[in-house]
Protein chains: 2
Amino acid sequence: MLKEISIGEAAKRSGVKVPTIRYYEQIGLLAAPARTDGNRRHYEDTDIRRLAFIRHARELGFEIDAIRTLLHLQDDPNQPCETADGIANARLVEVEQRIRSLNALKAELELMVEGCRHGKVGECRVIEILADHGKCAHPHH
Amino acid sequence: MLKEISIGEAAKRSGVKVPTIRYYEQIGLLAAPARTDGNRRHYEDTDIRRLAFIRHARELGFEIDAIRTLLHLQDDPNQPCETADGIANARLVEVEQRIRSLNALKAELELMVEGCRHGKVGECRVIEILADHGKCAHPHH
DNA sequence: GCTACATGCTCTAGTGACTAGAGGAGCAAG
DNA sequence: CTTGCTCCTCTAGTCACTAGAGCATGTAGC
């Protein structure tokens, strides 16, 4: 007979922490599992896969609501995948934007650190650049 | 005589929203300004600069606590700027790390979107990749 | 002076996505 | 049988705001 999967075991296998699993159940992202006699949750393999799916999507920066939609799609494999495609595309655009602004920021931070000649704060470029946005190398953020 | 700067005007000039300015006052990031007869806040140019400083630092991803430290440094320009330099440097390392992981993520999202042939969800790569981490292009996240 | 209406005030509560802790029960090993 | 781990529920806290209620004040047109 199969050993039942406890919440701790589910956490280990899926990479989602125990309180987070309970939280996902609470917000309806994961169905409430069956309980043992002692009122403990026990999970099936499908639950583990669902949790891994959620974890992966969270790591990719998808919001819970987007994940909810993706999970609905997954549950009904005959739907056209345009919705999923759209969600992933929107996220891609976001990520590209974020990379651009982080690159601008990196240039600026390098300028700051480089400009700091370890003197007094009065001549420190970190403070100076932060105080005056006009001194930014890339002022478009 | 100078026109007094209202909170709304301060918001416009600094780029920090009105409720956020009040919030910054509440958490002690910005000193409580003088009030008019009618109990309205009015600001000085130094306050506007401080707000712009905060806004800029927030955009650069500095946390409020780091900003608080930077502001203390700014208030006392005879301190060595190593502390400010250290904060900026730590932030630079973070930003570089974040750019790297976002690039990995971008690759993965592109793979997903590209792989989606606008068919049914059953064969959708977006769903598939999310469900199985092993399919990632860059599995190191 | 009167009437709108914008802007300001304080206060409380809500957001997202968890995380931490209290206080107790169940369970396996020695 | 006791020790210690995992589990249970419940509430409250985190960060950096944001939203809204219910009032007071200021300003522009008539």
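A quick note: this is a predicted structure, and the numbers were derived from the prediction, not measured. In what follows, chains are A, B, ... by sequence order, proteins preceding strands, each numbered from 1.
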Dump the intermediate steps for side-chain contact (heavy atoms from CB on, under 4.5 Å) on A/Ile5 and A/Glu44, then the final yes or no.
CA-CA 7 Å; A/Ile5 304 170; A/Glu44 311 291 324; 5.9 Å; no
Nearest to the B/Val18 side chain among D/dC17, C/dG8, C/dA17, which nucleotide is it?
C/dG8
Would you indicate which nucleotide in D/dC8, C/dG8, C/dC18 comes nearest to any side-chain atom of B/Arg40?
C/dG8
Nearest to the side chain of B/Ile7 - C/dT19, C/dC9, D/dC7?
C/dC9
Short N-O contact, B/Asp65 and B/Arg68, less than 4.0 angstrom
yes
Has B/Arg35 got a side-chain N or O lying under 4.0 Å from the OP1 or OP2 atom of D/dA24?
no
Rounded to the nearest angstrom, tell me the gap between atom CD1 in B/Ile21 and atom C1' in C/dC9.
14 Å
Tell me the interatomic distance from B/Ile64, atom CD1, to D/dT14, atom C1', rounded to whole angstroms.
14 Å
C/dG26 C1' sits how many Å from A/Asn39 CG, rounded?
10 Å
Measure from the side chain of B/Lys17, starting at C-beta and using heavy atoms only, and say which of C/dC9, D/dT18, C/dA17 lies closest.
D/dT18
When all nucleic acid strands are considered with a 4.0 Å heavy-atom cut-off, which category describes A/Ser6: base, sugar-phosphate, or nothing?
sugar-phosphate
Distance, rounded to the nearest Å, where B/Ile27 contributes CD1 and D/dC17 contributes P
8 Å
Less than 3.5 Å apart, which donor and acceptor atoms pair up between the side chains of residues 25-39 of chain A and the rest of the protein, not counting sequence neighbours?
from, atom 1, to, atom 2, distance (Å)
A/Glu25, OE1, A/Arg41, NE, 2.7
A/Arg35, NH1, A/Asn39, O, 2.9
A/Arg35, NH1, A/Asn39, OD1, 3.4
A/Thr36, OG1, A/Gly38, N, 3.3
A/Thr36, OG1, A/Arg40, N, 3.1

Between B/Arg100 and B/Glu96 (salt bridge meaning N to carboxylate O under 4.0 Å), is one present in this structure?
no
Among C/dC9, D/dC8, C/dC18, the one nearest A/Arg22 by side-chain distance
D/dC8
In terms of side-chain heavy atoms of B/Arg58, which of C/dA17, D/dC7, D/dA16 is nearest?
D/dA16
Of B/Glu63 and B/Thr36, whose nearest nucleotide on DNA chain D comes first from the 5' end?
B/Glu63
Output yes when at least one side-chain N/O atom of B/Tyr24 is less than 4.0 Å from OP1 or OP2 of D/dA16, else no.
no
Side chain to side chain contact (heavy atoms under 4.5 Å, CB included) partners for A/Glu63, two or more places apart
none
Distance below 4.0 Å between A/Arg41 side-chain N/O and D/dC7 OP1 or OP2
no
Please report, rounded to the nearest Å, how far the C1' atom of D/dA19 is from the OH atom of B/Tyr23.
15 Å
Rounded to whole Å, how long is the line connecting atom CD of B/Gln26 with atom P of C/dT12?
10 Å
